[in-house]
There are 2 protein chains.
Amino acid sequence: MPDYVVGHKIPDSDSICSAIALSYLQTTLGKETVPARLGELSPETNFILDKFGFEAPMLKTSYAGESLYIVDHSDRVQGPDDIDDATILGIIDHHKLGDITTSTPLECWIRPVGCTNTIIKMMYDFHGVEIPKNIAGAMMCAILSDTVIFKSPTCTTADIKCVEALAEIAGIEDFKAVGMEMFKVKSAVEGTPVRDLVLRDFKDFDMNGNLVGIGQLEVTDLSVFDEMKADLEADIAALKAEGKRHSVILLLTDIMKEGSELLVVSDDDTLIERAYGKTTVEGKVWIDGFLSRKKQVVPPLQQAFV
Amino acid sequence: MPDYVVGHKIPDSDSICSAIALSYLQTTLGKETVPARLGELSPETNFILDKFGFEAPMLKTSYAGESLYIVDHSDRVQGPDDIDDATILGIIDHHKLGDITTSTPLECWIRPVGCTNTIIKMMYDFHGVEIPKNIAGAMMCAILSDTVIFKSPTCTTADIKCVEALAEIAGIEDFKAVGMEMFKVKSAVEGTPVRDLVLRDFKDFDMNGNLVGIGQLEVTDLSVFDEMKADLEADIAALKAEGKRHSVILLLTDIMKEGSELLVVSDDDTLIERAYGKTTVEGKVWIDGFLSRKKQVVPPLQQAFV
């Protein structure tokens, strides 16, 4: 029976590409391992898989009785629902340490870098395994996506060096051009149902007992949202009303202007003010320089719940 | 202001030696870091520090407002009491993943190997930093201690290779002889107050909401306990009565016969039977092959609480 590698719910390109890259590594090392996913792929991820000739990893949401590696998260709420009944062999991640625990020793490669795939490159180097050309291309795109082509404050020297090395392996000369092509695919939001946009890159966080959902849409020009902003606002309000969330936040991120507009629906009107020192006007506020949910949006918000 | 490296409460040789080894590495890499400890040193650890010319790390139990690396544990109950008010920069550990969480990204090197110092050797290699002779000697002893000179089921090929490499750096020809010398120091229990023995290598675990304390005394011949066993039994009963623990277990481990006698005081008389399929007689049971608290004692016990 093979082991699995799976990223978080509502998978992004890092979750999918790191599952593919890690399962190839483990299989090469003699542990047969299959990449899997917890949800539908985004247009950006489809672009990457098409470009480098990969099928989508299998959709598999239940892991009871199985063994798996977890990539790109360590929070229970983001992982498989029945993770307590599975054996976690390892966690590869670049976020804050979440609340997943295990009953047996495991392997954790967690680093404060911009992307899980940067850490997986370290694992290939540690084990002396050669990265196939197409896997290198997918890993490179995932890092360009997570670091917003090196613009994000989460980007480290290790990420940049890693992209350069992977581009060489993949035989790609102008990796920034590939990154821009990818972000243009990501920016094509017209014609997509509003709920699909809200949930395209959406993560739930447990903040001191409060469930907070934070979505993010990264585009090359915020004006693509001009005609649908009212619909997005209405939909995050609807999403909050449907569930048990204390707050729902949608980040509309302009990767060229390097900032984000936050659309906010919350049980606590002072939350955004307390977290970021900025006041929402009609549930909206632009914050200059905000590109990273992980590094800029989540930590102050979590502090505001203490 | 320097950062700190600290191991678990009631520090063992791995917690102390890995704090010394990691703080030297971080300081060499440009991050001034000081080794610290949460409690008194054991005779075994004093033997190691004396042998290689180290002072005891500073006793420091409060870390509010400071930044630190955690070594040899990832369970809240084993770490500093005010860890929530500190910034955790990283965790280096070889146990199951515990319930420590962070609000910012960090560095975790967690591997299913026999000793934290084996992982710290990997970190030195990763960063290309040379290990000083005396630090190599201390790291080597910690691995020999944790793996019971390679006899423990927790011992991996990585631990053995690491001890060989560290012995060479330290200029030690017969590392097994050093290991036996160290375990003889550890076996000298006569004249020590009973409570000191019970708490010498004692860890608390949160098992599904129940506090379980497990101590371990590793000796080269179990007969050293013949005259004090009744006192040890009375003392773990007293220890349980003093606190909120569901169970207190003391492992009397014979490293030559390769097994342990368990002394047990518990709110649940069926616990040991359910966990290990062995019945205690008057609160005692010998289990052949039991050397490792981490790998053999804790996981089945944790399962028995589900």
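Residue numbers start from 1 in every chain, and the chains themselves are labelled A, B, ... in the order their sequence lines are given, proteins ahead of strands.
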For B/M207, is it the side chain, the backbone, both or neither that has a heavy atom under 4.5 Å from a heavy atom of chain A? neither
Using a 3.5 Å cut-off and no angle test, enumerate the donor-acceptor pairs between side-chain atoms of residues 270-277 of chain A and protein atoms at least two apart in sequence or in another chain.
from, atom 1, to, atom 2, distance (Å)
A/T270, OG1, A/D268, OD1, 2.8
A/T270, OG1, A/R274, NE, 3.0
A/E273, OE1, A/T279, OG1, 2.7
A/R274, NH1, A/A304, O, 2.7
A/R274, NH2, A/D268, OD2, 2.3
A/Y276, OH, A/V297, O, 2.6

Can you measure from CZ (A/F305) to CG (A/N210) and round to the nearest 0.5 angstrom? 4.5 Å
Find the one option among B/E107, B/Q303, B/R111, B/Q302 whose heavy-atom pairs under 4.5 Å with chain A are most numerous. B/R111
Do B/Y4 and B/Y69 have their ring centres less than 6.0 Å from each other? no
Contacts of residues 84-105 of chain A with chain B (heavy atom under 4.5 Å): A/I91, A/H94, A/H95, A/K96, A/L97, A/G98, A/D99, A/I100, A/T101, A/T102, A/S103, A/T104, A/P105
Do any side-chain atoms of residues 154-162 of chain B form donor-acceptor pairs under 3.5 angstrom with protein atoms, and if so which ones, sequence neighbours left out?
from, atom 1, to, atom 2, distance (Å)
B/T154, OG1, B/S152, OG, 2.7
B/T156, OG1, B/A158, N, 3.3
B/T156, OG1, B/D159, N, 3.3
B/T156, OG1, B/D159, OD2, 2.8
B/D159, OD1, B/G114, N, 3.1
B/D159, OD1, B/T118, OG1, 2.6
B/D159, OD2, B/G114, N, 2.7
B/D159, OD2, B/T156, N, 2.8

Quick test of your reading of the model: are B/R76 and B/D204 salt-bridged, counting only N-O distances below 4.0 Å? no
Which bit of B/K295 is near chain A, if near means a heavy-atom gap under 4.5 Å: side chain, backbone, both or neither? neither
With sequence neighbours excluded, residues passing side chain to side chain donor-acceptor pair (under 3.5 Å) with B/T116: B/D14, B/D72
How long is the straight-line distance from CD1 of B/I214 back to CG of B/L301, given to the nearest 0.5 Å? 5.5 Å
